[in-house]
Every structure is written in structure tokens, then in C-alpha cells.
Amino acid sequence: MTEKKQLTEPTHEEQPQRGEMASVYNPSQVEQKWYTYWEENDYFHQEVRTEAEAFSIVMPPPNVTGSLHLGHAMDNTLQDILTRFKRMQGLNTLWLPGTDHAGIATQAKVEEQLALEGKSKHDLGRAGFLERVWSWKAQYGGQITRQLRRLGASCDWRYERFTMDEGCSRAVREVFVQLYRKQLIYRGNYIINWCPKCLTTISDIEVEHEEREGQLFYLRYPVKDSEEYITVATTRPETMLGDTAVAVHPQDERYAHLIGKTLILPLIGREIPILADDYVDKDFGTGAVKITPAHDPNDYEMGLRHDLTAITVLDQEARLNENAGVYQGMERYEARRRIIEDLKERGLWLKTEDHRHAVGECYRCSTVIEPRISRQWFVKMKPLAEPAMQVVREGRIEFSPERFSKIYLTWLENIRDWCISRQLWWGHRIPVWYCQDCGAEICAQEDPDRCPSCASARLEQDPDVLDTWFSSGLWPFSTLGWPEKTPELQQFYPTSVLVTGRDIIFFWVARMIFMALEFQKEPPFRKVMIHGLILDSLGRKMSKSLGNGVDPLEVIDQYGADALRFMLVTGNTPGNDVRFHPERLEAARNFANKIWNASRFVILNVQDMEDDGQPSLSAETLPLEDRWILSRFSAACQEITRGLENYDLGEAGRWLYEFIWNEFCDWYIELAKIRLYDKEQPTAKKGAQAVLLKVLEGTLRLLHPFMPFISEEIWSHLPGRRTSLMLESWPREDCRDQTSEKEMAILMEVVKAIRNIRAEMHIAPGKKTDIIVRAADGETQRVLEKGARAITHLAGGATLEVQRELANKPVQAASAVLPLAEIYLPLKGLLDIEKEIARMEKDLAQMRQEEQRLSGKLDNESFIGKAPAEVVAKEKKKMEDVRSRQEALQARLEQLRE
RNA sequence: GGAGGCAUAGCUCAGCUGGUUAGAGCGCUCGCUUCACAUGCGAGAGGUCGUAGGUUCGAGUCCUACUGUCUCUACCA
């Protein structure tokens with residue numbers, strides 16, 4: 001690739017200083033240093049490794065003029081997560097960043113700047129103006145890429161591209177020329193969307209339709225040589241000056257006798273025909289339509305059908321022109337008022353009704369679009385759209401969520417030719433020259449010196465530039481060096497996935513697909529991951545006019561990039577919009593802090609570990625809690641990997657959260673403390689340390705794609721020599737242990753039940769109590785005996801006595817009945833019998849309800865007959881449990897009542 | 001006019017291919033300065049899963065209609 005920076009041997013900067021591990025995590029102190037470390041060590045860059053599986057993403061190029069908003073933040077977080085994940089999995093990874101020259105937006109910015117100096121672009125001339133834009137770009141264009149760094153984006157900046165850089169521009173020319181030669185690009189005089197403020201054409205999708213309260217004016221046109229009138233209804237009376245016909249429906253009896261007659265166009269006096277056309281809706285207005293081929297797309301079509309002349313009455317700035325008689329020079333709405341007034345005077349106005357209708361506006365400046373006939377360049381869409389639909393129908397490109405493929409397909413099915421010329425200076429200039437001598441039209445990759453027909457040197461290039469989306473459409477391959485066959489193109493094309501918002505499917509996704517199919521004969525990506533929008537807390541779009549936007553940089557300053565990232569990609573399902581709630585950001589920050597403190601705990605407690613013999617973590621030698629957490633870690637690993645592979649990052653994130661907080665912190669760390677603080681059993685301590693460290697280490701790997709900064713920071717504090725977490729491998733654990741999970745579940749249930757009793761009985765947290773448990777079976781008894789220490793530790797127990805049968809059940813005790821155990825906390829004289837009875841009865845009532853539900857099923861013969869045997873067995877087992885608990889509860893109640 | 005999303009605890013949302021006692025976070029109540037963390041710990045309250053039908057042994061989960069809501073799309077002057 002020509003523009004790639006020279007490869008330099010990474011210098012391997014020393015890792016940043018480890019900060020103190022304070023008890024509150026402070027993101028702003030660590031994020032910057034890690035990004036710098038990664039970037040300076042070139043960790044985002046990978047050489048092409050043809051032997052390795054490739055994973056590549058091209059970043060949707062933000063506008064150079066832009067600054068990061070939450071939409072970018074989400075979009076790029078998703079891409080970063082996928083990229084970091086695949087990189088850790090060992091794939092040959094490329095995430096290619098870049099920016100878009102954004103024709104209208106950028107030109108407008110610079111023009112604004114010039115205006116402050118009291119100048120216009122014409123004062124500088126085209127070349128001078130472009131120079132000015134380039135220098136503006138040099139000065140301000142880097143803002144958004146700097147902001148992406150704050151987010152933690154691990155894109156390969158060596159490959160950073162710009163839609164107007166040399167390589168991309170060459171691709172643009174190549175594509176234009178080839179399409180031109182295949183006659184898929186043509187020039188012609190057609191009706192187009194014109195923005196009277198931006199003074200350029202815009203494409204159909206750049207017109208936004210806004211429903212507005214408007215008016216419908218009823219105008220009377222006199223029939224020539226007759227006393228009759230035809231009344232037409234119009235929302236735009238000012239265009240009547242350009243009317244060249246009035247149309248009615250062929251089957252409309254009201255007007256049948258007038259078809260073929262002539263009307264005198266009021267105010268102008270032009271004679272225009274009355275004609276019949278199916279397009280006319282009999283039931284709308286009066287059933288008669290004024291036809292203005294020069295200023296309405298439908299009228300234009302009708303004009304073609306009936307061979308009408310098109311009379312342009314509006315100029316480029318939407319003022320009435322020389323064809324408008326006395327109205328010449330008026331602004332369009334002023335003319336509208338005047339025309340109505342004048343018609344009123346002449347008795348040719350019938351009425352005006354309120355009428356709600358959609359008005360086309362410029363997506364940039366919201367000015368009402370003026371359709372006009374103009375000579376422009378177009379891409380012929382039908383032949384290109386066909387294969388683009390095909391690849392999606394055949395599943396060679398998959399949308400995720402799938403429903404977006406429908407949106408994509410229906411759009412392409414109704415596609416019209418794409419107007420690509422823009423009357424701007426900033427952009428890719430159309431590579432077509434006109435010979436001033438012989439009139440030849442020359443389209444070429446290289447600027448021609450002479451006319452190939454007459455050898456004249458008097459060539460003038462077409463003044464227009466291309467729609468910005470023309471170059472964006474080539475992005476997946478223009479950035480990889482095409483038209484050259486670079487190693488990058490071969491390795492990384494087609495790209496793996498395209499991540500973007502659903503608002504951009506037509507503008508960009510569709511165009512990339514048909515361009516790629518035309519020029520690469522292969523889809524540009526295998527998968528399109530569509531995400532929703534970020535809405536404010538009330539569910540409204542964030543917009544400048546509402547002032548409800550949130551600046552991601554401020555969020556990062558306040559909560560940290562990791563918290564922002566986590567908040568953006570969790571708590572919703574793919575494709576759905578996300579509401580921005582500060583509370584969710586706090587939750588994400590708290591999560592980061594939780595991770596920080598759990599890690600701090602582990603790190604502080606493994607400091608005295610010997611480097612040499614790592615205790616083996618295999619199998620039976622480990623106590624239950626170790627086997628349990630390793631199994632749970634394994635489950636987390638599998639689920640998080642699965643979530644990431646299915647592009648369901650919300651699901652993966654939820655697993656991370658739950659595993660770390662509810663399993664590792666709430667249970668395992670608490671249990672590990674028993675051994676860590678037990679000075680009598682150094683060997684046991686070592687085991688706990690080893691497991692803590694192993695699980696923490698693995699968890700940091702799983703966490704890293706989501707929260708790269710904090711995970712890297714913690715990683716650097718782990719014992720042993722470490723380079724960077726982002727270069728570590730993705731954990732692949734496959735050691736689920738159902739037995740330990742089942743056993744642990746029993747212990748957890750017992751602990752919770754005891755805690756519940758203690759809370760309800762208002763036993764002071766510091767007060768230890770004796771615990772007596774009756775196990776339902778020998779197996780449970782064994783588990784509880786082995787877990788005695790765990791139970792007393794976690795549930796504030798002084799002693800724990802496990803019995804198979806209780807010879808004399810303690811009466812003065814609070815109790816709970818679980819499926820596999822009965823629990824008694826002897827409370828000598830403190831027990832409130834009434835309260836205890838109430839608790840038991842509450843439980844019993846629940847059991848009875850459950851029994852009813854189950855018997856409803858089990859008494860149903862068709863359930864027994866038709867449901868799968870295992871489902872039936874499961875329900876029967878539940879019933880047994882419920883019944884035995886009921887019996888135990890009843891026995892207990894009787895005892896209490898004695 | 002078409003098309004689609006959403007409707008589940010006070011709020012914001014999970015609930016994958018139909019079988020869990022329907023979950024989480026925030027908020028709320030009660031109790032805790034327990035030696036990783038009060039950005040925390042423990043315990044709890046809170047839901048006829050929008051409405052009406054249907055399929056099924058079984059529906060928050062599938063089908064139909066309706067209601068509400070948001071969005072995209074369309075050349076009805």
C-alpha cells in the first residue's frame with residue numbers, strides 16, 4: 001500500500017508506572033497512559049499473516065468535521081470489542097480507521113469561517129478555496145480520531161485513511177471510468193432534488209420528508225371559448241406559472257367532455273391542454289391536477305408521457321425567474337401570496353383548505369427542496385441493484401438482526417437512479433472533460449492533455465464533484481489498496497463484519513454492497529451488524545435543536561471510558577435503541593469499582609505466593625468452592641464467547657457482570673478468606689491463592705474487550721512479568737463440574753436460609769449463633785458436614801451440627817425447611833413463637849400453591865401421555881419435594897403449637 | 001398509504017429454539033463503618049407478562065385481530 005507508513009520495529013516502551021491501588025478506582029489516572037502504551041508499542045498493528053484466519057472490520061468513517069457523539073461511541077465500542085476479542089483469539093486482525101471528507105458539511109464549515117472574514121469562496125477561487133479546506137482539515141480534522149483514542153479504540157492507525165487521500169481517490173476514478181464505459185454512469189437532463197440554500201443537487205435519500213400543516217389552494221382555470229372553468233387543487237400555487245397542462249382521470253365523468261379542450265392559464269394567458277391520465281386520483285381535491293413538468297417529479301413523468309414542454313419558473317435560489325412575468329425576482333413564498341391575491345382579484349380563487357402533507361427538506365440545512373430539471377450525472381441502478389439483492393437473499397451477506405434485510409431489500413426493489421453530481425468544490429471532481437473545440441466528452445483515469453478526437457488542448461473538466469457517498473461506497477476495498485492487488489486486499493477482503501446504525505443502511509451499506517459486487521465480484525463483508533440509536537432518557541433522539549445531546553468526552557471524564565463502553569453495549573438487545581440514563585452509567589462505574597476492589601483483594605492476598613511450585617489445580621484435591629468457581633468460570637467463558645460470536649454483546653456483558661459480582665465476589669472471595677486467614681493451614685492457603693489468581697487472570701481476559709483500560713491496569717499489577725493483556729490469548733475453558741455446582745447450590749441455599757432467619761429475627765450481625773441442620777439424605781449430610789466451615793463463616797454461625805435424624809427437635813429455635821434440609825437456630829427464650837408460626841405458615845401456603853399447580857399438571861392425563869418423559873419426571877420430582885417440605889413444615893407447626 | 005420495532009416489578013430493560021417458583025440494575029423497606037469495595041454488605045417488599053381470541057398436554061415465549069407507542073418508507077397534487 002502506497003500510503004502506509006514505513007514499518008518500524010516496535011520499541012517496546014516500558015510499561016507505565018503502576019499506580020497505588022487505591023480503594024476507589026480512578027479511571028482518569030490510568031486510561032491515557034495505557035492507550036499511549038498500546039499505541040506506541042504498535043499493539044494495534046498486525047502484519048498480514050496469510051496462514052492465519054483473518055478478521056477485519058472497516059470503521060464507518062466519521063466526518064472529518066465531526067466530533068464524537070454517543071452514536072459513534074457505541075458503534076466503535078462494538079467494533080472494538082469484536083476486534084479485541086478476535087485478536088485475543090489469535091486471528092490476523094485488522095480494524096481499519098478513517099474519516100470521510102463529507103462534501104457539503106465540510107465545505108459549509110469552511111465557508112462559514114470565510115464569512116467571518118467577510119469573504120466568500122468565490123473570492124478565493126476554486127483552487128484557493130480547496131487549499132483552504134485542506135488546511136482546515138489538517139488543523140481540525142484530527143479531532144474525532146483523537147476522541148476515538150479516548151474511547152480505547154484499538155484500530156490500526158497505520159492504516160488510517162481519508163476518502164480523499166490519494167489511494168481512495170484513485171479508486172474513485174477507476175470506478176467512475178469503468179462504470180462510465182459500461183454506461184452504468186450517464187449524464188442527462190432530468191428532474192432532480194435541488195437545495196436552494198446549499199445550491200446543489202441532492203439524492204433522493206438525502207431528502208427528508210417532514211409532515212407539516214400546509215394549505216391546499218383551489219384555483220379556477222377558464223376553458224377557452226367557454227364560460228366553463230376547471231378547478232384544480234394545489235399546495236404550491238407559485239408553480240402555476242409553469243403549468244403546461246391540466247390532467248384529469250380518463251374515467252372521470254365530470255370532466256369527460258373537457259378532455260382535449262384548451263385552458264387559458266390565468267395570470268400568464270398561456271393556452272394549455274386538458275388531458276387524461278391514469279395517474280390522477282379522482283377523489284383527491286377536485287380530480288383535476290395542474291401539471292408543472294419543471295417543478296414536480298410526477299408532473300415531470302406525465303410531461304414525458306404526453307410530450308409536454310417544461311417551463312422552469314424558479315431559479316437556483318428558488319426565486320421566480322424571467323418566465324414568471326411580473327413575479328420575476330420574488331422569493332417563492334412571497335410569490336405564492338401574491339399569486340393567490342391576484343387570483344382572488346380576478347375571481348379565479350375558489351378556496352383554501354388546511355392540508356397536512358409531507359414536504360421534502362434538505363437533510364443538511366432543512367431548506368425545502370425544489371425539484372427542478374437539470375443536467376446531472378447518474379448511476380444506473382437496476383443492473384447494480386439486482387446482484388445486491390441476490391447476495392442478501394442467498395444469505396451470502398447476513399444482516400443481524402435479520403429483520404433489517406427486509407428493509408434493505410424493499411429499498412433496493414424500488415430503487416431509482418442515483419444522482420451523483422454535486423455543485424460543490426470539495427469532493428472528488430468528476431473525471432470527465434469536454435473538448436471546447438470539437439465537443440468531445442472524455443472520461444479518463446488520468447487527466448488528459450489533449451482531446452483524443454481533435455487533439456485540441458482546450459479541455460475543460462466537468463465542474464461538479466461526486467456525492468460523498470460515492471467514495472464511501474468503495475471504502476471496504478479502496479482502503480485496502482484497490483485497484484492494486486495488495487497483500488492487505490487479499491488477506492482482509494472481504495471484511496468480516498460491518499457494524500453500523502440502521503439509519504445508514506441505504507446511504508452506505510447498500511452502496512458498498514453493489515459497488516463491491518461490481519468491482520470485486522465478492523461481497524464487501526459477510527455480516528452486517530445493525531445497532532440502534534442512542535436516545536435520551538425520555539426516549540427522544542438526541543439532537544442539537546432539542547439540546548439533549550450528551551458529550552461522550554464529558555462522560556469519559558466523569559465516569560471513565562470503560563464505564564461508558566459497558567453502559568453502551570449492555571442492557572439491551574441487538575438492533576434496539578438504547579436510552580441514556582445516568583444511573584446506568586453509575587452502575588457501570590460501580591461495576592468497574594467492584595472489579596477494582598476484588599482485584600485489589602486478590603493481589604494483596606497473593607503477594608506472599610512463591611513463584612516456584614504453583615499448586616496443581618487439578619480435580620479432586622481441591623475443596624468444593626474451588627471446583628465450583630472453576631466450573632462457573634468455565635461456564636462464563638463459554639457463554640461470553642458464545643455471546644461474542646453471535647454478536648450478542650449485551651448477553652456477553654451480562655454474563656461478565658453476573659459472574660464477577662454474584663459468583664466470584666459474593667461467594668468465592670468470601671469463601672477463600674477462610675483459608676487465606678487461616679495461619680494453621682499454609683498449604684490450604686496456597687490452594688486458595690492459586691485459584692483466586694487463576695480465576696482473576698482469566699476473568700480479566702474475558703473482561704478486556706469490554707473494559708480494556710481497567711483490565712489492563714489490573715493486569716499490570718498481577719504478579720509475574722506481563723507485557724500487555726491485549727496481546728494475551730482468549731481463555732478456552734471446558735471444565736464444567738456439575739457435581740460441585742450441585743453441592744455448592746445446597747450450601748448456598750442453606751446459607752441464605754440462615755441469613756434470612758437472622759435478618760427476620762433481628763439477630764445482631766456480629767452475634768454468632770449455633771446452627772442445627774437435619775439433612776434429608778446421606779449425600780446432603782456429607783456435603784453439609786464438609787461445608788460446615790463455609791456455612792458458619794458465611795452465615796454467622798458459631799457451631800454447626802449436622803444430623804441425619806433429629807432425636808429431639810429443638811423447640812426454642814427459629815427454623816426453615818428447605819428441599820434437602822431443615823435448619824434450626826436455637827434461640828433460648830428469645831423466640832417469638834407467634835412470629836415463627838406465621839413464618840412457617842407463609843412457607844406452607846406457598847408450598848400448597850405450588851402443589852396445586854403441580855397436581856394440575858400431573859393429574860392431567862394428556863400431560864402424562866403427551867409431554868416428553870423427562871418433563872413428566874421432572875414435575876414428579878418437584879411434587880415429591882413439595883410434599884416432603886409440606887410434611888416437615890406441618891410437623892414443625894404442630895410442634896410449635898404444642 | 002405501506003413496512004417494521006416496542007408493550008414484562010415504580011423506572012430502564014433481560015427472558016435464545018414453548019416446560020424455571022418470571023429475572024437484573026436503579027428506586028423502595030429493614031439491618032449493617034464485617035480487616036477488597038458504603039461506587040459497599042446482608043435480608044426483603046413489589047409483576048393477572050397491553051387487550052381479546054387461537055394452536056398446544058403446556059404460552060411471557062408461536063399464530064390472528066385489536067389498542068397504545070416509536071421509527072422508517074411512499075410521487076397523491
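The chains referred to below are lettered A, B, ... by the order of the sequence lines, with proteins before strands, and numbering in each begins at 1.
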*Asks:* With sugar-phosphate meaning primed atoms plus P, OP1 and OP2, does Arg654(A) contact a base, only sugar-phosphate, or nothing at under 4.0 Å between heavy atoms?
*Replies:* sugar-phosphate
*Asks:* Map every base of RNA chain B to its dot-bracket character, where paired means a Watson-Crick or G-U wobble contact with both distances under 3.5 Å and | marks a partner outside the strand.
*Replies:* (((((((..((((.....[...)))).(((((.......))))).....(((((..]....))))))))))))....
*Asks:* So, is Lys878(A) close to the rU21(B) phosphate, meaning a side-chain N or O under 4.0 Å from OP1 or OP2?
*Replies:* yes
*Asks:* Taking atom C1' in both rC63(B) and rU55(B), compute the distance separating them and give it to the nearest angstrom.
*Replies:* 7 Å
*Asks:* How are the rings of Phe566(A) and Phe591(A) set relative to one another: parallel (under 30°), tilted (30 to 60°) or perpendicular (over 60°)?
*Replies:* tilted
*Asks:* Side-chain N or O of Lys406(A) less than 4.0 angstrom from OP1 or OP2 on rC72(B)?
*Replies:* no
*Asks:* Starting from the 5' end of RNA chain B, give me the residue, Val207(A) or Asn605(A), whose nearest nucleotide shows up first.
*Replies:* Asn605(A)
*Asks:* Determine the interatomic distance between C1' on rC16(B) and the same-named atom on rU33(B); round to the nearest Å.
*Replies:* 44 Å
*Asks:* Is it true that Glu651(A) and Arg642(A) make a salt bridge, defined as a side-chain N closer than 4.0 Å to a carboxylate O?
*Replies:* no
*Asks:* Once you apply a heavy-atom cut-off of 4.0 Å, does Gly571(A) come out as touching a base, just sugar-phosphate, or nothing?
*Replies:* sugar-phosphate
*Asks:* Output the single nucleotide from rG4(B), rU21(B), rC57(B) whose closest atom is nearest the side chain of Ala867(A).
*Replies:* rC57(B)
*Asks:* If you only use heavy atoms from C-beta on, which nucleotide in rA14(B), rG19(B), rG42(B) is closest to the side chain of Asp666(A)?
*Replies:* rG42(B)
*Asks:* Rounded to whole Å, please give me the gap between CD in Glu301(A) and C1' in rC76(B).
*Replies:* 14 Å
*Asks:* Which nucleotide in the list rC13(B), rU39(B), rC72(B) gets nearest to the side chain of Lys541(A)?
*Replies:* rC72(B)
*Asks:* With C1' as the reference atom in both, quote the distance from rC66(B) to rU29(B) in angstrom, rounded to an integer.
*Replies:* 40 Å
*Asks:* Does the side chain of Gln852(A) pick up a donor-acceptor pair with the side chain of Ser855(A) at under 3.5 Å?
*Replies:* no
*Asks:* For rU8(B) versus rG2(B), give the span between their C1' atoms, rounded off to a whole number of Å.
*Replies:* 30 Å
*Asks:* When the C1' atoms of rG23(B) and rG60(B) are compared, how many Å lie between them, rounded to an integer?
*Replies:* 12 Å
*Asks:* May I ask you to say what Ser537(A) touches in the nucleic acid, namely base, sugar-phosphate or nothing, with a heavy-atom cut-off under 4.0 Å?
*Replies:* nothing
*Asks:* rG4(B), rC13(B), rA74(B): which one has an atom nearest the side-chain heavy atoms of Arg403(A)?
*Replies:* rG4(B)
*Asks:* For the C1' atoms, the ones on rG15(B) and on rC57(B), what distance do you get once it is rounded to whole angstrom?
*Replies:* 23 Å
*Asks:* Evaluate the side-chain proximity of Val30(A) to Ile710(A): yes if any heavy-atom separation is below 4.5 Å, no if none is.
*Replies:* no
*Asks:* Check the pair Arg416(A), Asp204(A) against salt bridge (charged side-chain N to carboxylate O under 4.0 Å, His left out), reporting the backbone distance first and the verdict last.
*Replies:* CA-CA 8 Å; Arg416(A) 300 202 296 175; Asp204(A) 292 345; 3.6 Å; yes
*Asks:* Do we get Arg755(A) above Trp667(A)'s six-membered ring, with its NZ or CZ under 6.0 Å from the centre and within 45° of the axis?
*Replies:* yes
*Asks:* Can you check the Leu604(A) CG to rA36(B) C1' distance for me, whole Å?
*Replies:* 8 Å
*Asks:* Can you pull every protein N or O that's under 3.5 Å from an N or O on nucleotides 26-35 of chain B?
*Replies:*
none

*Asks:* Indicate, with a heavy-atom threshold strictly under 4.0 Å, whether Glu670(A) touches base, sugar-phosphate, or nothing.
*Replies:* base
*Asks:* With the side chain of His355(A) defined as its heavy atoms from C-beta on, choose the nearest nucleotide among rC37(B), rC75(B), rA77(B).
*Replies:* rA77(B)
*Asks:* Would you measure the distance from the C1' atom in rU51(B) across to the matching atom in rU12(B) and give it in whole Å?
*Replies:* 24 Å
*Asks:* Under the ring pair (Phe, Tyr, Trp, His ring centres under 6.0 Å) criterion, do Trp655(A) and Phe659(A) qualify, and how do the steps go?
*Replies:* CA-CA 6 Å; Trp655(A) 262 91; Phe659(A) 172 71; 8.1 Å; no
*Asks:* Rounding to a whole Å, what distance do you find between Glu870(A):CD and rG58(B):C1'?
*Replies:* 15 Å
*Asks:* Taking the side chain of Ser862(A) as heavy atoms from C-beta outward, which of rC72(B), rC16(B), rC57(B) is closest to it?
*Replies:* rC57(B)
*Asks:* For Phe601(A), does the six-membered ring have the charged nitrogen or CZ of Lys673(A) within the cation-pi criterion, i.e. under 6.0 angstrom from the centroid and within 45° of the normal?
*Replies:* yes
*Asks:* Calculate the interatomic distance between Asp577(A) atom CG and rU12(B) atom C1'; express it in whole Å.
*Replies:* 14 Å
*Asks:* Of the nucleotides rG5(B), rC13(B), rA43(B), which has the atom closest to the Asn576(A) side chain?
*Replies:* rG5(B)
*Asks:* Less than 4.5 Å apart, side chain to side chain, heavy atoms only: is that true for Met879(A) and Arg883(A)?
*Replies:* yes
*Asks:* Mind checking Val232(A) for me? I need base, sugar-phosphate or nothing, with any heavy atom below 4.0 Å counting as a touch.
*Replies:* nothing
*Asks:* Nearest whole Å is fine: how far is rC76(B) P from Tyr279(A) OH?
*Replies:* 8 Å
*Asks:* Please report, rounded to the nearest Å, how far the C1' atom of rU73(B) is from the CZ atom of Phe507(A).
*Replies:* 13 Å
*Asks:* When the distance from CD of Glu875(A) to P of rC57(B) is rounded to whole Å, what number comes out?
*Replies:* 16 Å
*Asks:* Mind calculating the distance between NE2 (His209(A)) and P (rU73(B)) to the nearest angstrom?
*Replies:* 8 Å
*Asks:* Please compare Arg236(A) and Phe506(A) by the position of their nearest nucleotide in RNA chain B and report the one closer to 5'.
*Replies:* Phe506(A)
*Asks:* Among the nucleotides rC76(B), rC13(B), rU21(B), which one has an atom lying closest to any side-chain atom of Asn572(A)?
*Replies:* rC13(B)
*Asks:* Side chains of Arg589(A) and Glu586(A): closer than 4.5 Å at any heavy-atom pair?
*Replies:* yes
*Asks:* Are Asn597(A) and Ser23(A) close enough that some pair of their side-chain heavy atoms sits under 4.5 Å apart?
*Replies:* yes
*Asks:* Using the C1' atom on both, measure rG68(B) against rC30(B) and round to a whole Å.
*Replies:* 39 Å
*Asks:* Taking the side chain of Arg584(A) as heavy atoms from C-beta outward, which of rG19(B), rU12(B), rG42(B) is closest to it?
*Replies:* rU12(B)
*Asks:* Between rC37(B), rU21(B), rC76(B), which nucleotide gets closest to the side-chain atoms of Arg853(A)?
*Replies:* rU21(B)
*Asks:* Between His355(A) and Phe284(A), how do the two ring planes meet: parallel, tilted or perpendicular, split at 30° and 60°?
*Replies:* perpendicular
*Asks:* Should the pair Trp596(A) and Tyr25(A) be assigned to parallel (<30°), tilted (30 to 60°) or perpendicular (>60°) ring geometry?
*Replies:* tilted
*Asks:* Whether Thr235(A) contacts rA77(B) is assessed here as follows: a side-chain N or O lying under 4.0 Å from the phosphate OP1 or OP2. Is that the case?
*Replies:* no
